[in-house]
Amino acid sequence: MEKYIFRKGEIDDAKQMAILITDLLGTCDLNNNQNDNRESILKRNLCHIQNNIEKYFVCSFNEKVIGLCGISEIMHENAYGLENLPNFREILYLVVDKNFQRKGIGNKLLNITCENIKEPIIYEAWGDGEYVNSKFLLERSDFHLLKDLGNTYYKDKGYCVSCVNRNKNCFSCHAEIWIKSQL
């Protein structure tokens with residue numbers, strides 16, 4: 001039987017975490033360098049993880065990090081133009097190794113990350129299909145769609161050069177903001 005271990009992230013996990021983020025997402029740093037390559041993206045992601053390790057949960061299998069999820073401190077301003085959202089938190093990353101997806105790992109990571117959080121939690125979701133990639137996972141975790149950012153949000157913000165699809169000529173990438181309101 002497969003034994004997945006869910007726990008708080010530790011500094012020794014940082015490199016494996018940064019590699020997962022880099023290889024599956026790219027980076028969410030919208031203030032990027034136009035000459036990004038995998039090494040520079042990995043370096044930025046590693047620095048972010050090391051500086052924020054206490055905000056992350058990981059799932060490991062055979063002592064290898066196969067998934068992670070993090071949450072921000074309380075935020076007071078947002079870049080999404082959301083009104084009436086004075087205090088909230090944001091999911092930093094939710095990533096599961098492709099070989100371990102569809103096993104409930106992402107769902108469990110998201111749920112343990114959101115436990116005991118009193119503020120509303122927002123999640124910036126993206127996808128290149130008719131709906132965002134994490135739509136069903138978000139619905140299972142009691143998130144609901146708050147704002148549709150459209151198909152050009154990432155391109156308009158200059159994100160494409162740091163995206164995992166940076167070598168692919170995409171014409172759109174659908175983005176949405178989802179929210180989980182805590183009671």
Side-chain angles (χ1 to χ4, degrees), residues 4-32 36 38-61 64-75 78-80 88-115 117 119-128 132-138 140-141 143 146 149 153-154 157-166 173-180:
Y4 302 118
I5 298 171
F6 293 86
R7 59 179 172 75
K8 287 292 280 177
E10 300 171 357
I11 199 68
D12 290 343
D13 300 323
K15 186 167 185 181
Q16 291 181 55
M17 294 166 69
I19 289 170
L20 267 177
I21 292 167
T22 303
D23 291 346
L24 296 176
L25 296 179
T27 182
C28 289
D29 178 6
L30 297 180
N31 299 314
N32 58 57
D36 272 349
R38 184 183 184 283
E39 290 74 33
S40 67
I41 294 169
L42 177 60
K43 185 177 179 179
R44 272 200 325 271
N45 287 340
L46 180 58
C47 183
H48 167 81
I49 294 294
Q50 288 172 331
N51 291 334
N52 296 282
I53 194 70
E54 75 283 352
K55 298 174 184 168
Y56 284 90
F57 286 90
V58 298
C59 175
S60 63
F61 178 73
K64 180 181 178 198
V65 174
I66 60 168
L68 62 106
C69 187
I71 193 162
S72 72
E73 295 294 328
I74 296 174
M75 301 173 74
N78 65 73
Y80 308 112
F88 66 96
R89 294 184 185 236
E90 184 171 10
I91 296 298
L92 300 173
Y93 289 110
L94 174 58
V95 182
V96 176
D97 183 303
K98 287 183 180 184
N99 296 316
F100 293 90
Q101 292 178 1
R102 301 194 181 276
K103 297 179 184 294
I105 295 168
N107 194 16
K108 175 127 181 173
L109 282 167
L110 185 58
N111 287 323
I112 62 175
T113 301
C114 295
E115 278 180 5
I117 302 294
E119 299 78 22
I121 301 168
I122 64 172
Y123 184 103
E124 181 183 319
W126 63 276
D128 53 7
V132 296
N133 297 345
S134 49
K135 175 185 180 357
F136 301 111
L137 171 103
L138 291 167
R140 280 192 302 274
S141 295
F143 281 77
L146 180 63
L149 298 173
Y153 177 79
Y154 294 120
K157 297 285 185 181
Y159 174 76
C160 297
V161 296
S162 294
C163 176
V164 70
N165 293 327
R166 61 192 164 275
C173 186
H174 193 78
E176 297 174 345
I177 300 299
W178 288 67
I179 189 166
K180 180 173 185 161

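No side-chain heavy atom of F57 sits less than 4.5 Å from a side-chain heavy atom of R7. Counting only heavy atoms from C-beta outward, the side chains of L137 and L94 approach each other to under 4.5 Å. Contact of the K64 side chain with the Q16 side chain is registered, since non-hydrogen atoms from C-beta on lie closer than 4.5 Å. E90 places none of its side-chain heavy atoms less than 4.5 Å from the side chain of I71.
Closest heavy-atom contact between P120 and I179: CB-CD1, 3.9 Å. Heavy atoms only, all atoms of each residue included: L138 and A125 are closest at CD1-CB, 4.0 Å. The shortest non-hydrogen separation linking V65 to L20 is O-CD1, 3.7 Å. Shown here for I105 and F100, the closest heavy-atom pair between the two residues is CD1-O, 3.6 Å. A pairwise comparison of heavy atoms in L109 and G67 identifies CD1-C, 3.5 Å as the closest pair.
Interatomic distance, CD of E73 versus CD of E119, reported as 9.5 Å (0.5 Å rounding). Put simply, OG1 on T22 and CD on E39 are 10.0 Å apart, with the number rounded to the nearest 0.5 Å. In this structure, the separation between SG on C59 and NZ on K103 is 11.0 Å, given to the nearest 0.5 Å. Here I11 contributes atom CD1 and Q50 contributes atom CD; the two are 5.0 Å apart, rounded to the nearest 0.5 Å. A distance of 5.0 Å separates CG in L110 from SG in C69, rounded to the nearest 0.5 Å. Interatomic distance, CH2 of W178 versus CD1 of I122, reported as 14.0 Å (0.5 Å rounding).
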| request: Could you give me the CA-CA distance, side-chain angles and deciding distance for H48 and N45, then say whether side chain to side chain contact (heavy atoms under 4.5 Å, CB included) is met? | output: CA-CA 5 Å; H48 167 81; N45 287 340; 5.5 Å; no
| query | Taking it one step at a time, do F6 and I112 satisfy side chain to side chain contact (heavy atoms under 4.5 Å, CB included)? | reply | CA-CA 9 Å; F6 293 86; I112 62 175; 4.1 Å; yes
| Residues K15, I19; criterion side chain to side chain contact (heavy atoms under 4.5 Å, CB included); working and verdict | CA-CA 6 Å; K15 186 167 185 181; I19 289 170; 4.1 Å; yes
| said: Between K8 and D13, does the salt bridge (Lys or Arg N to Asp or Glu O under 4.0 Å) criterion hold? Intermediate values first, please. | reply: CA-CA 10 Å; K8 287 292 280 177; D13 300 323; over 6 Å; no
| I121 and F88: CA distance, side-chain angles, deciding distance, side chain to side chain contact (heavy atoms under 4.5 Å, CB included) verdict | CA-CA 6 Å; I121 301 168; F88 66 96; over 6 Å; no
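Between the side chain of T113 and the backbone N or O of G70, no donor-acceptor pair lies under 3.5 Å. The main-chain N or O of S141 is found under 3.5 Å from a side-chain atom of K180 such that the two form a donor-acceptor pair.
The aromatic rings of Y123 and F143 sit perpendicular, their planes meeting at an angle over 60°, well past the 30° parallel limit.
Donor-acceptor pairing under 3.5 Å is lacking for the side chains of N111 and K108.
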